[in-house]
Structure formats: C-alpha cells, structure tokens
Amino acid sequence: MKIDIDNIKRFFSEDKFAEIAGIKIESISEDSVECSMEIKDIHKNAAVNVHGGAIFTLADFTFGLHANVDNFSGSIVGATVSQSCTISYLKSTKGSILFSKSKCLNKGRNMSVYQIDITDDLDKKIAVMIGNGFTIAEKMINY
C-alpha cells in the first residue's frame, strides 16, 4: 500500500486541538504511526506534572491517524471514529518530549483495535492506550 503522506498531513493539519497541543506527525506507515509533543507549561497540571488529558490527546490523535491511514492509500474505506478506549498511566515523566507509537492489533470491516504506547525522551514508558474504532460510511467524510 502506498500512502499519500502529504494528503494525510494536510487533512490532519485541520485538527485545531492537536495543533494547539503542539502535536507533530513524525512518521506514517501501514504498520505504525509515530507522533510527538514537546511538553510546555500548557500541558502541566497543578502538581506540575503532565496532565493526563495532554497525554490522552497525543494518544487519541495517533489512534485517529492510524485508524484512517487506509483512506490515504487509494482504498477509501470510510472514516474510522473512536468507539471506546482505555488508557493506563504508568508513571509521570521527567522528560521534555512525549512520543506516541501505534500498532494495529486487529482490523476488521467495521471494527478495529489499536494500541498506542506513550514514551518520553528519557526512554520511559509513560502510558498505554487501547482504542477501539468503528468505521462509518465513506461518504460521511471528505478525504
């Protein structure tokens, strides 16, 4: 499968929340998507740790990108949206950058499951998210 990386980056550049959070797409393939987010004061909670919502945002964006990568390879299958997810926060980070890396655990016609690992620039695993996707009709989204 040949992925139109420029088109997928253009499409996801319209995600204003991810843009405000400072999420960057690092790599895209059929097997994995990698993103990063430099930790800024806006990402920190009152205890001066990275807010769980900031970590979740990075994981969720990576999930959404990977779950829809087929639509940017000439195989319009329809938009995959999050049906449910769980995230486990393993430890707080002392680093300055968070990285997300996804892998598909199962992809069916309408249901899919992805695992997103969040690590930091100190090589510590910070969180793991499992996202369940549901693919809706292709005409509901304009790629």
Path from Phe99 to Ile130 over hydrophobic side-chain contacts below 4.5 Å: no
Atom pair CZ (Arg109) and OG1 (Thr135), whose distance is rounded to the nearest 0.5 Å: 10.0 Å
Other ILVMFWY residues reachable from Leu122 by side-chain steps of under 4.5 Å: none
Contacts of type side-chain hydrogen bond (donor to acceptor under 3.5 Å, both in side chains), residue Asp121, not counting sequence neighbours: Ser96
Nearest heavy atoms of Cys85 and Gly131, plus distance in Å: CB-CA, 3.9 Å
Set of residues satisfying ring-ring contact (aromatic ring centres under 6.0 Å, His included) with respect to Tyr114, sequence neighbours excluded: Phe63, His66
Partner set under ring-ring contact (aromatic ring centres under 6.0 Å, His included) for Phe56, not counting sequence neighbours: none
Lys94 NZ: over 12 foreign heavy atoms closer than 6.0 Å: no
Hphob cluster co-occupancy, Val69 + Phe11, side-chain heavy atoms under 4.5 angstrom: yes
Side-chain (Asp31) to main-chain (Lys103) donor-acceptor, under 3.5 angstrom: no
Hydrophobic cluster identity match, Ile25 and Ile8, side-chain contacts under 4.5 Å: yes
Thr80 backbone acceptor or donor facing Asn68 side chain under 3.5 Å: yes
Smallest separation among heavy atoms of Asp120 and Gly95, with atom names: OD2-N, 4.0 Å
Spacing of NE2 belonging to His43 relative to OG1 belonging to Thr57, to within rounding of 0.5 Å: 8.0 Å
Val33 to Thr62 - nearest heavy-atom pair and separation: O-CG2, 3.7 Å
Hydrophobic cluster identity match, Ile3 and Leu65, side-chain contacts under 4.5 Å: yes
Joint cluster assignment, Ile87 & Leu98, ILVMFWY side-chain distance < 4.5 Å: yes
Partners meeting side-chain hydrogen bond (donor to acceptor under 3.5 Å, both in side chains) with Ser82 (sequence neighbours left out): none
Donor-acceptor contact present, side-chain Ser32 to main-chain Ser102, <3.5 Å: yes
Distance-minimising heavy-atom pair for Lys107 and Ala67: NZ-O, 3.5 Å
Under-4.0 Å salt bridge between Glu26 and Lys24: no
Residues in side-chain hydrogen bond (donor to acceptor under 3.5 Å, both in side chains) contact with Asn49, at least two apart in sequence or another chain: none
Verdict with reasoning, Phe12 to Phe61, per ring-ring contact (aromatic ring centres under 6.0 Å, His included): CA-CA 9 Å; Phe12 280 93; Phe61 180 80; 5.7 Å; yes
